[in-house]
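Here is the structure we will look at.
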Amino acid sequence: MKGSPTIRINFNSFITVCLFLNVCLSEGVAAQSQNTTGDATIPVKVGVVLDMDSVVGKIGMSCMNMALLDFYANHSHYKTRLVFNTKDSMDDVVAAASAAVELIRNVEVQAIIGPRSSMQANFVISLGNKSQVPIISFSATSPSLTSLKSPYFFRAAQSGSFQVNAISDIVKEFGWREVVPIYVDNLFGETLIPYLTAALQEINIRVPYLSVIPESADDDLIAKELYKLMNNQTRVFIVHATMTLGSRILVKAEEIGMMSEGYVWIMTDSMTTLWRSIDSSAINALQGILGVKSYVPKSKERENFTVRWKRKFQRDNPNVNNAEMNIIGLWAYDATFALAMAVENAGTANLRFNRTNISGSGATDIETLGVSQNGPRLIKELSKINFTGLSGDFHFVNGQLESSVFQIVNVNGNGERRVGFWTPQSGLVKDWKSTNTSAKSSSKPKLGPIIWPGDTNSVPKGWKIPVEGKKLKIGVPVKDGFTEFVKVTWDSNSKKAKSIGGYCIDVFDAVMRRVPYPVPYEYVPFATPEGNAAGSYNDLVDQVFYGIYDGVVGDITIVANRSLYVDFTLPYTESGVSMLVPVRDNKKKNAWVFLQPLTSDLWVTSGCFFVFIGFVVWVLEHRINEDFRGPPAHQVGTSFWFSFSTMVFAHRNNLTLLSPFQFTNMLAAGNLFVLELNNFLQGRKCLTSLLTVEQLQPTVTDINQLLKRRESVGFLSASFVKDMLLGMKFDESHIKKYRTLEELHDLFTEGSANGGISAALDEIPYIRLFLSKYCGKYTTVKPTFKTDGFGFVFPKGSPLAADVSRAILNVTQGDEMQKIHNKWFNNVTCPDFDPTVSSNSLGLESFWGLFLIAGVASISALIIFAAMFLYEQKHVLFQFYPENSVWRKVRTMSRIFDQKDLSSHTFKKTEPRDASCHCSVHSIGAYGSSTNTNCPPSPSVGSNQVDPSDFVFLVEQGSVTDSPAIPPSAERSSIEFADYSHGQ
């Protein structure tokens, strides 16, 4: 009975203490508690600067309080206890700065958690850096805060710049070519745009316009800006604003019809994270929108915390019905954990502030801020923090959390549906489990099914002709000449265009009929009120860049400098710029044109081979063929006649080469050259054509000749060719322009010396048209300068350019293009004439193999014949005196060679004789006397006279002659002689 009051008192005291602690923690009042061991704890003051009336502020504060309870419940042995000192920034930059100054100067907090927005954080960070007080923000995501490079700023969140690659990959995935960002006009909005546009431009996505809306804009201003966007062709919008302003923009967009089919809306993470907190009446405006936000994998700890938080939040904020746990609350929870651990690790030895003594009444609050002694150690410990929190891996890299996974969501009904993920490693993936695979190279869809605005599953093409009934303004050039391409007919009374036609116009009309959607357009002549051309073709193209025209159709050449400002379609005509020159009759000025089929070196080599082969035939035939004997002049003539006769007919001479070794085959190989060359010359009937072409020669063959002679050159008026000529160093006074075919012909007729021109540079389509009218009087001269032909012009990044290019392929590959061509150029019948083709003359390199075969065969025949001849006359060679000179030996063998070979079958058939007769050169010079008296005298072909110098005398031993030929040791009984030349 006595113990009962004591128990009651202790129980009541316990309840009172618990309630007191709960009140102190929730209101930020400093309190001191005891751990389970009874040791005293040390309170550490921490400032909190949040917008207490905002959803973000309420969620953040609730999560921070729960974090303190959970942290110290799990770390009751820690000696430090964080004590929150809360200040309301009231969604105002000045109020946030004032609250930070008061917390640092008066309360001497060791750190500040907050503020909520990037604009507020920008100034508070500077205060923290000055006083060495760490500033930890879990909701300020502006990339500009990183540029402050303050070591005392820690972003317990991901930088907004991390999401831009995820957004650009979404745009790329669906093939959209243009995107318009809509952003709030403050630090939070404008600092993300450079990162976003850079990411889009990196993948060739054009940003034609930036829509900036002030945070304080009323509905009329928002509607005005949206109507401006509606009148443009782009239908893909990225909204980056606060949730309050962003929801108003989307609601107004729905009202004016910009949430219908064909539109695309993408929200950045700041709006995607908080869109459920807006009023339910505005949620209908978000249907079909895509959003990007940070992804946190599911865990039991997070699910348990979410249940506890929701109970507590509804109890503490009964008037807030649409708040849900999001990544900001998880970051607030983990940031409180991180700060509590860092404070414990840093210790409490230096929790003081050093004050700066400033005398005078003019000192400001900022100048009187103290400097925390614990700040350097505390930021060091914060940088070391690394743990797995409710938001995932939590550690600071360069003062902020690392980039992680983003999830892509599609707003449908009152909720959102996840359609994919984005990771820094794999980009867009449909399933979280596939992030480790090579998803970037996969051809499968990277996002799940999406319900787009207008409740459709069809992917919007991203652009549209702006307003029903509005036509595209297509500029066309006004020309005086070459009207086959573009022709504008004017009404003489109203000075308005009555009709616009021509080859280019018909092609464009045919192409636009092939575009898979209707495109209303109208032609607008680029002309002055008087009906004259309003400028050059470059000026006309510039009108598209300036937005005056939506496109240009005409004979507009695709060149590099123009493509810097506009987009061209694929070309629909042939390309190239060539030089046009007159031709002259050269028929009576070239008497040697017949030599042109072969080059000079081939002619010389051929002549040498004719002589050489004639010599070879003479050597092989001289001793056995009567046709190759006789006086020297007769023999030379016969040999050359035999060689050159192959040029026109088969030679009449009968070759009687030595059959034992088939000299005939070798010589035939040599004659093969002559025969083949003969066939080539006989077969080149093109010589007649060559003679005809040679009658017409260009007056100028090289553009450099014009420069050296300082002659004038022409170009089509308003053409880009003038810039080409100036780039070639032509003086502007030597450049003449023409407008019509007749003007060009007149300039050529006058000539450069009389104020005309010697040549003209123009594009191939114009040149063909000119040559068709003045056929045979002019021609083109190489080189041809490469261009890409005629193309249609559209604004830079216009999606129409791609669709029209595909339609051009359909038209050019069919017969419709030929019909259009025949309609406008049916009279172009002049045959092509190009005197600058490569030479028809054949050179030595074309026949070197044949020369090699002929040469080897002929030389081989000579070598074999010489070897056989010397072998047959070896008995003569062996009987020479050793002291005989080489010249004597050569003369002796030459005279033997000049003798007929009576053993040849030729002479056997023509001169029958006694079978026992064997008087030949083989017996001449044999030792001993000849006993054969039956040998008739050798017939002489040329003369019956005997020249004493033609004899070789053989004397008895010991006698001396004037021409000793036989060694004295040889025994002889009589004198013998032989006629080596003509016979007796």
Side-chain angles (χ1 to χ4, degrees), residues 171-172 174-180 200-201 203-209 228-237 258 261-264 458-477 486 500 504-526 537 540-559 562-573 788-813 816-817 820:
V171 176
K172 180 181 179 181
F174 294 106
W176 298 318
R177 299 291 303 277
E178 290 185 355
V179 171
V180 172
L200 293 171
Q201 291 172 358
I203 56 175
N204 296 322
I205 305 301
R206 183 169 174 257
V207 180
Y209 180 71
K228 185 187 300 182
L229 298 179
M230 181 184 289
N231 290 328
N232 295 328
Q233 65 180 11
T234 307
R235 290 296 180 263
V236 182
F237 306 105
M258 295 181 69
E261 184 176 353
Y263 285 88
V264 178
S458 300
V459 178
K461 63 183 179 182
W463 70 278
K464 185 181 179 182
I465 301 301
V467 181
E468 293 295 335
K470 181 179 179 180
K471 297 181 178 180
L472 296 181
K473 295 175 62 178
I474 304 298
V476 295
V486 177
I500 298 177
C504 300
I505 301 299
D506 285 357
V507 171
F508 184 75
D509 291 339
V511 167
M512 296 308 291
R513 288 194 294 268
R514 299 292 186 96
V515 175
Y517 45 84
V519 180
Y521 60 90
E522 61 180 352
Y523 295 115
V524 180
F526 182 55
Y537 276 36
L540 176 57
V541 172
D542 289 342
Q543 303 306 303
V544 178
F545 175 74
Y546 296 135
I548 306 301
Y549 295 146
D550 299 309
V552 167
V553 171
D555 45 348
I556 310 296
T557 305
I558 303 172
V559 291
R562 292 173 179 171
S563 64
L564 296 175
Y565 308 101
V566 296
D567 278 350
F568 283 94
T569 63
L570 291 176
Y572 59 91
T573 63
D788 287 333
F790 297 162
F792 303 127
V793 181
F794 290 100
K796 197 73 173 176
S798 172
L800 260 179
D803 292 339
V804 172
S805 293
R806 282 188 287 269
I808 287 175
L809 294 178
N810 293 330
V811 172
T812 56
Q813 293 174 1
E816 188 173 5
M817 195 72 172
I820 297 174

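What you see below is based on every heavy atom in this structure, not just the backbone, and it leaves out hydrogens, waters and symmetry mates. Owing to the predicted nature of the structure, the values given are computational and were not obtained by experimental measurement.
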Determine the minimum heavy-atom distance between Leu540 and Val476, stating which atoms define it. CD2-C, 4.2 Å
Who are the side-chain hydrogen bond (donor to acceptor under 3.5 Å, both in side chains) partners of Tyr537, not counting sequence neighbours? Lys479, Asp555
Working to the nearest 0.5 angstrom, can you tell me the gap between Lys471 NZ and Asp550 CG? 13.0 Å
Please name all residues satisfying ring-ring contact (aromatic ring centres under 6.0 Å, His included) with Phe508, sequence neighbours left out, ordered by chain then number. Tyr521, Phe792
Going from CZ on Arg177 to OG1 on Thr234, what distance comes out if it is rounded to the nearest 0.5 angstrom? 11.5 Å
Phe790: ring-ring contact (aromatic ring centres under 6.0 Å, His included) partners, not counting sequence neighbours: Phe485, Tyr766
Which of these, Tyr517, Phe237, Tyr263, Phe794, sits in a ring-ring contact (aromatic ring centres under 6.0 Å, His included) with Trp463? Tyr517
Would you give the length of the straight line joining atom CD1 of Ile820 to atom CE of Met817, rounded to the nearest 0.5 angstrom? 6.5 Å
What residue among Leu564, Val559, Ile558 forms side-chain contact (heavy atoms from CB on, under 4.5 Å) with Arg562? Val559
Trp176 side-chain N/O to Ile205 backbone N/O, donor-acceptor pair under 3.5 Å: no
So, does Thr573 use its side chain to make a donor-acceptor pair with the main chain of Gly789 at under 3.5 Å? no
For Thr569 against Ala801, the heavy-atom pair lying closest together: CG2-O, 3.9 Å
When you compare the side chain of Val180 with that of Asn232, does any pair of heavy atoms fall below 4.5 Å? no
Please indicate whether Lys796 has more than 12 foreign heavy atoms, meaning atoms of other residues, nucleotides or ligands, lying under 6.0 Å from its NZ. yes
Among Val507, Val519, Ile474, find the one that has a side-chain contact (heavy atoms from CB on, under 4.5 Å) with Met512. Val519
Greater than 12 external heavy atoms within 6.0 Å of Tyr565's OH: no
How many angstroms lie between CD in Glu178 and CZ in Arg235, if you round to the nearest 0.5 Å? 10.5 Å
To the closest 0.5 Å, what do you measure between CD (Gln233) and OG (Ser798)? 4.5 Å
Residue pair Ile548, Phe526: steps toward the side chain to side chain contact (heavy atoms under 4.5 Å, CB included) verdict: CA-CA 11 Å; Ile548 306 301; Phe526 182 55; over 6 Å; no
Which atoms form the tightest heavy-atom contact between Gly554 and Cys504, and what is the distance? C-SG, 3.5 Å
